[in-house]
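Structure record follows, encoded as structure tokens.
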Protein chains: 2
Amino acid sequence: MKNKVKEILKEAKLKVTPARVALLGIFSAKCQPMSADNVIAKLKRTKIDNVTVYRTLASLEKANIIQRVDLRKESVYFELSNHHHHHFVCTSCGVVEKLPKCNVGQIISKSLKQSKRFSIVRSHSFELFGLCKTCA
Amino acid sequence: MKNKVKEILKEAKLKVTPARVALLGIFSAKCQPMSADNVIAKLKRTKIDNVTVYRTLASLEKANIIQRVDLRKESVYFELSNHHHHHFVCTSCGVVEKLPKCNVGQIISKSLKQSKRFSIVRSHSFELFGLCKTCA
DNA sequence: AATCTAATTGCAAGTAGATTGCACTTGTAA
DNA sequence: TTACAAGTGCAATCTACTTGCAATTAGATT
């Protein structure tokens, strides 16, 4: 698993540093969106600084290894790009459920064709906000 | 126009206050997503406080008169709920283009049916992030 | 293996968007 | 007209995140 992580980093031409290996390990283990705070909590026992977490998230995002997820929560969330999917978010209790799979490919390519000013789509958001059965 | 705004507020059982009237006027005039900062700038010459802008945005959002738009910018954006549509965002220069219309209704109702834990969808996000022709 | 260098990191301080406490004001229902 | 819950302004505060800078390190080069 660690080797796989190293492969990913090398392929992206990023230096293989402890922080990056640790973060990718965390993201691979938890298959759900994580905020900087979530990551920091998991790293409590290590000596990796909070600032490094932010910077590492930024470099992994830039390399397209992780992607931003907009959950309308207090902070930004990320997930592995190769685990890409969308979410239901309960605006009352905050619980998050994954949607089975990403179905918006066709809509995106159609939108791109119709667009006058845009030429490349790199990522997209598609999240549902409402109430879970418990809160409803 | 002002009367229409008052109607909207009364229907939502919100008090008709100068701040709310002013904000709704601004949102009705500009048919594009606006951040708290954008609104504050437009209100420079009035005596409406920044804090009031934030609180007013919150009350209008709660009443579902305006909706949040996640543009991955420095701050939160809002637009009138009855002007609901989605956007292209250039991650390089920040330019925003509206998508012609919202096409995800079917996907949403299908997702809701398949969901185990969710019963109500109140709003959704669907935005595309990439490069405009100038930046590409 | 030793060396070099740009990239990465930790620490402290700083920013900016947004929130809160509290006293004062105002919209509106009775 | 009055009463009072709701809304507002100001100052202070919070929190997620960023920046500057000196020290360290990954990994390419010799």
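Note on naming: letters A, B, ... go to the chains in the order of the sequence lines (proteins, then strands), and numbering restarts at 1 for each one.
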When the distance from [atom1] of [X] to [atom2] of [N] is rounded to whole Å, what number comes out?
| X | N | atom1 | atom2 | result |
| --- | --- | --- | --- | --- |
| A:Leu23 | C:dT8 | CG | P | 14 Å |
| A:Arg55 | D:dT19 | CZ | C1' | 8 Å |
| A:Asp49 | D:dA22 | CG | P | 18 Å |
| B:Lys47 | C:dT25 | NZ | P | 11 Å |
| A:Leu9 | D:dA26 | CG | P | 13 Å |
| B:Lys73 | D:dC17 | NZ | P | 18 Å |
| A:Leu71 | D:dA16 | CG | P | 15 Å |
| A:Leu14 | C:dT9 | CG | P | 10 Å |

Q: Between A:Lys15 and B:Val16, just flag the one whose closest nucleotide in DNA chain C comes earlier from the 5' side.
A: A:Lys15
Look at [X] and [N] and indicate whether a side-chain polar atom (N or O) is within less than 4.0 Å of OP1 or OP2.
| X | N | value |
| --- | --- | --- |
| A:Thr17 | C:dT9 | yes |
| B:Ser35 | C:dG17 | no |
| A:Tyr54 | D:dC17 | yes |
| B:Arg20 | D:dG7 | yes |

Q: Check step by step if side-chain contact (heavy atoms from CB on, under 4.5 Å) holds for B:Glu79 and B:Gln32.
A: CA-CA 6 Å; B:Glu79 66 186 357; B:Gln32 61 176 263; over 6 Å; no
Q: From the options C:dG17, D:dG9, D:dC17, select the nucleotide whose nearest atom is closest to the side chain of B:Ile48.
A: D:dG9
Q | Nucleotide nearest A:Val76 (side chain, heavy atoms from C-beta), chosen from D:dG27, D:dG7, D:dC17 | A | D:dC17
Q.
Any base atoms under 4.0 Å from B:Asp37, or only sugar-phosphate, or nothing? Heavy atoms, all strands.
A. sugar-phosphate
Q.
Measuring from atom OG1 of B:Thr56 to atom CG of B:Leu60, what distance do you get when rounded to the nearest 0.5 angstrom?
A. 6.5 Å
Q: Enter the distance from B:His87:NE2 to B:Leu99:CG here, rounded to the nearest 0.5 Å.
A: 7.5 Å
Q) Given A:Leu57 and A:Val53, is the side-chain contact (heavy atoms from CB on, under 4.5 Å) satisfied, shown in steps? A) CA-CA 6 Å; A:Leu57 288 171; A:Val53 172; 4.0 Å; yes
**Q.** Geometric cation-pi criterion A:Arg68 and A:Tyr77, 6.0 Å radius, 45° cone
**A.** no
